[in-house]
Amino acid sequence: MRLSQMLFVTLREDPAEAEIPSHKLLLRAGYIRRIGSGLYAYLPLMWRVLKKVSQIVREEMDATGAQECLLPQLQPADLWRESGRWDTYTQAEGIMFSMTDRQQRELGLGPTHEEVITTIAKDMIRSYRQLPVHLYQIQTKFRDEIRPRFGLMRGREFIMKDGYSFHTNEESLKKTYQDMAQAYSNMLRRSGLQFRAVDADSGAIGGSGSQEFMVLAEAGEDEVLYTEDGQYAANVEKAVSMPADAEPSPFATFEKRETPGTETIDKLCKFLKCSPTQVVKNVLYQAVYDNGITVLVLVSIRGDQDVNQVKLLNELTKLAGNYQAKTVLFLTVPDAEAQRKWAAKSLPLGYMAPDVADDYIAGSKEVNSKFLRLVDRTAVDLTNFVTGSNESGYHVVGANWNKEFPLPATVVSVRTAKKGDRAVHNPEQTLQSARGIEVGHIFQLGTKYSQAMGATYTSEQGEEMPFMMGCYGVGVSRLAQSAVEQSYDKDGIIWPVAIAPYHAIISIPNISDAQQVEVAEKLYAELNQSGIETLLDERDERAGVKFKDADLIGIPYRIVPGRSLKAGKVEVVERATHKSHEILIEEVNSTLKQWIEAAIN
């Protein structure tokens, strides 16, 4: 492609709306343009990148025997109601664009396609002889993000590969799950990315086992905890660890003490000269279930630990049946306005004890009249501990479970693992931390959707059985931007060779020099003919402008037919290292082929 004929406009200054380096660079280098909040146009250079990423994804998926299809983006609400996710996606998480057509039928724009694919399997797969089946698509998806950020990282419209597999048993599902774990590793490796596969929470998708594939980058929104022995890695939402041992309590007897201005653990421990490991803090949450019932949740946890809200949400979802509900729509720490709706009297916030009385709640049809009391495992074995007294300005010391305070009946593990904790698999290993960008996620769904939607097959014994299912997603547009976030410098983007829009760019320093133009044109034709995708910058611009643009857009190799032409050579500059080589004109093709093959393989 000749640059003079391409839709190509670069910017010298960072756009005001861009927050992270990759977003700034993709806008500056003319890869994308913002059309609206969270909405971007993929311009010619970006589209070439996306096609290359998609091709790598297709090749790896096809190699496992998966079959490509294309599913509708508009989905009937009735399918989502069958699975029980309509309210979750339109109200609780609020991420689905929903609408009503002229016949007053409710529809959603697909953020994911479990319901659609399960319906297809229900209609078309009758017998165990047809299984296993694995279908995938590469398609635009939609999410109504509250705050779209970071360009293609968290947009409201994005390109994704999602795949779904159907099986007769768990063994078959696990085999495909392992095949996908390998395929996803291959995709990221072939794309030239540094990544880590980590254990993850299944979230609104549901199911049992799940694994995320994280591209390592400082701007990553997710924290990854891992051990240096390579035996453990998990998203912080899922990570487990062994907390530090609790220190012995200095309080031998139970008593109430005045502790003014100690509504935080830090202030309390300084006042009482004790360790936060000797404190039981009591954290209040408000859960709203899908039947409209509000439940006030009191979590007792060791003072040096934090509640992981994802883990807590999972525990509360397990208890939904106790309130004649299916799932949790909202989980929040209730602010003053929320408390006014259900509090019978002012709560002693910062000074609550594990036994804070239920009469603080003004029960109603919408609000459960009793606290749901949970205790984290870190607090269960504490003795002579410090905790609130249910009176502002006072705490108690030397308290014990089942003596001064009843131990809550429901024991949970909802603490947040953190850097420096001991690893569960080997206490000699400590958790390390890194930032990551989630670009892939695989799930073992089990029978979550097939049971809910009545999707069955006839087994070898003639029984009607629900499908075992798996789900596998890769963010194609997200992966492309994450490559930039992982690899750039002060001059611009450094694309991995495998997904760069072009392999090489020929920058003519002086288009008035007939020899420079002649050599450039000859190389341009020869390289493209041999399969080396090459841009020709023959614009009437200064050499410095062309070189800056070549660095900004990140093409792996820049060819300059300049002063070295007198010796029958051209300059070839490697974008990643800025290393310069003078190469004989007749050897440029073979040299670049060797470099490209080595970089891709």
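Owing to the predicted nature of the structure, the values given are computational and were not obtained by experimental measurement.
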*Is it true that the side chains of Thr327 and Asp290 contain a donor and an acceptor less than 3.5 Å apart?*
no
*Ion pair present between Lys311 and Asp376, side-chain N to carboxylate O less than 4.0 angstrom?*
no
*asked:* Applying side chain to side chain contact (heavy atoms under 4.5 Å, CB included) to Gln137 and His113, what does each step give before you reach the verdict?
replied: CA-CA 10 Å; Gln137 62 172 344; His113 276 74; 3.5 Å; yes
_How about CD on Glu68, more than 12 heavy atoms from neighbouring residues, nucleotides or ligands closer than 6.0 Å, or not?_
yes
*Is the closest basic N to carboxylate O distance between Arg85 and Glu114 below 4.0 Å?*
yes
_Heavy atoms from other residues, nucleotides or ligands near CD1 of Ile146 exceed 12 (cutoff 6.0 Å)_ = no
*Evaluation steps, side chain to side chain donor-acceptor pair (under 3.5 Å), between Thr458 and Glu464*: CA-CA 5 Å; Thr458 304; Glu464 288 295 307; 2.7 Å; yes
*After noting the C-alpha distance and the side-chain angles of Leu45 and Trp47, does the key distance pass the side chain to side chain contact (heavy atoms under 4.5 Å, CB included) rule?*
CA-CA 6 Å; Leu45 285 173; Trp47 189 241; over 6 Å; no
_Flag, side chain of Gln481 to backbone of Leu152, donor-acceptor distance under 3.5 Å_ = yes
*Can you run down the side chain to side chain donor-acceptor pair (under 3.5 Å) pairs that involve residues 120-129, sequence neighbours left out, and say none if there aren't any?*
none
*If you take all heavy atoms of Glu145 and Gly155, which pair is closest and at what distance?*
CG-O, 3.7 Å
*What pairs meet the side chain to side chain donor-acceptor pair (under 3.5 Å) rule with one or both residues in residues 411-420, with sequence neighbours excluded?*
Ser241-Arg415, Gln305-Arg415, Arg377-Ser413, Arg415-Asp421
*So, Tyr472 and Asp179: side-chain donor and acceptor under 3.5 Å apart, yes or no?*
no
_A side-chain contact here means heavy atoms from C-beta on lying under 4.5 Å apart; do Thr378 and Ile301 qualify?_
yes
_Go through it in stages, so that I can follow the logic: the residues are Arg105 and Asp101, the test is salt bridge (charged side-chain N to carboxylate O under 4.0 Å, His left out), and I'd like the CA-CA distance, side-chain angles, deciding distance and then a yes or no._
CA-CA 5 Å; Arg105 291 173 296 209; Asp101 68 14; 2.9 Å; yes
_Atom pair CG (Leu316) and CG (Leu331), whose distance is rounded to the nearest 0.5 Å_ = 6.0 Å
*asked:* Within the 4.5 Å heavy-atom criterion, are Val236 and Asp222 side-chain neighbours or not?
replied: no
*Do the numbers put Arg189 on top of the ring of Phe195, so that NZ or CZ is under 6.0 Å from the six-membered ring centre and no more than 45° off the axis?*
no
*Between Glu59 and Arg190, does at least one N-O distance fall below 4.0 Å, as a salt bridge requires?*
yes
*Do Phe443 and His441 have ring centroids that are under 6.0 Å from one another?*
yes
*Interatomic distance, Ile56 atom CD1 to Ser191 atom OG [nearest 0.5 angstrom]*: 4.0 Å
*asked:* Show the nearest heavy-atom pair for residues Ala379 and Val375, with the distance to one decimal.
replied: CB-CG2, 4.0 Å
_ring-ring contact (aromatic ring centres under 6.0 Å, His included) for Phe467 and Tyr457? Distances and angles first, verdict last._
CA-CA 7 Å; Phe467 297 109; Tyr457 68 95; 5.6 Å; yes
*Can you name the nearest heavy-atom pair linking Ala423 to Met242, along with the distance?*
O-SD, 3.7 Å
_Distance-only side-chain donor-acceptor flag, Gln432 / Thr227, under 3.5 Å_ = no
*Give a yes-or-no answer on whether the side chains of Ser83 and Glu115 include a donor-acceptor pair shorter than 3.5 Å.*
yes
*If we ignore angles and hydrogens, is there a donor and acceptor under 3.5 Å between the side chains of Asp87 and Gln91?*
yes
_Can you see whether Ser165 engages His134 through a side-chain donor-acceptor pair at a distance of less than 3.5 angstrom?_
no
*Pairwise distance CD(Gln231) to OH(Tyr226) - rounded to 0.5 angstrom*: 15.0 Å
*asked:* Please determine whether the number of non-hydrogen atoms from other residues, nucleotides or ligands lying under 6.0 Å from atom CD of Glu228 exceeds 12.
replied: no
*Evaluate side chain to side chain contact (heavy atoms under 4.5 Å, CB included) for Thr118 paired with Met469, printing each intermediate quantity in order.*
CA-CA 9 Å; Thr118 304; Met469 291 176 59; 3.3 Å; yes
*asked:* Between Thr140 and Glu157, is there a side-chain donor-acceptor contact under 3.5 Å, judged purely by atom types and distance?
replied: no
*Criterion salt bridge (charged side-chain N to carboxylate O under 4.0 Å, His left out) against Glu19, the qualifying member of Arg147, Arg154, Lys24*: Arg147
*Determine, stepwise, if the pair Thr294 / Glu366 fulfils side chain to side chain donor-acceptor pair (under 3.5 Å).*
CA-CA 6 Å; Thr294 295; Glu366 293 77 29; over 6 Å; no
_Please check this pair: side chain of Lys52 against backbone of Ala500, looking for a donor-acceptor N/O pair closer than 3.5 Å._
yes
_Aromatic ring pairing Tyr184/Phe213, orientation class (parallel under 30°, perpendicular over 60°, tilted between)_ = tilted
*Run the salt-bridge test on Glu533 and Arg48 with the 4.0 Å N-O cut-off and return the result as yes or no.*
yes
_To the closest 0.5 Å, what do you measure between CG (Asp229) and NE2 (His425)?_
3.5 Å
*Decide yes or no on side chain to side chain contact (heavy atoms under 4.5 Å, CB included) for Tyr40 and Met46, but give the supporting numbers first.*
CA-CA 11 Å; Tyr40 289 85; Met46 193 69 202; over 6 Å; no
*asked:* Which residues pass the ring-ring contact (aromatic ring centres under 6.0 Å, His included) test with Tyr488, not counting sequence neighbours?
replied: none
*Checking salt bridge (charged side-chain N to carboxylate O under 4.0 Å, His left out) for the pair Arg81/Glu106: CA distance, chi angles, key distance, verdict?*
CA-CA 11 Å; Arg81 287 198 172 94; Glu106 289 183 283; 2.7 Å; yes
*asked:* Within the 4.5 Å heavy-atom criterion, are Tyr136 and Gln67 side-chain neighbours or not?
replied: no
*Does Phe142 offer a backbone N or O that forms a donor-acceptor pair with the side chain of Arg156 under 3.5 Å?*
no
*Take atom CD of Glu171 as the centre, draw a 6.0 Å sphere, and report whether it contains more than 12 heavy atoms from other residues, nucleotides or ligands.*
no
*Side-chain donor-acceptor pair under 3.5 Å between Trp342 and Gln286, yes or no?*
yes
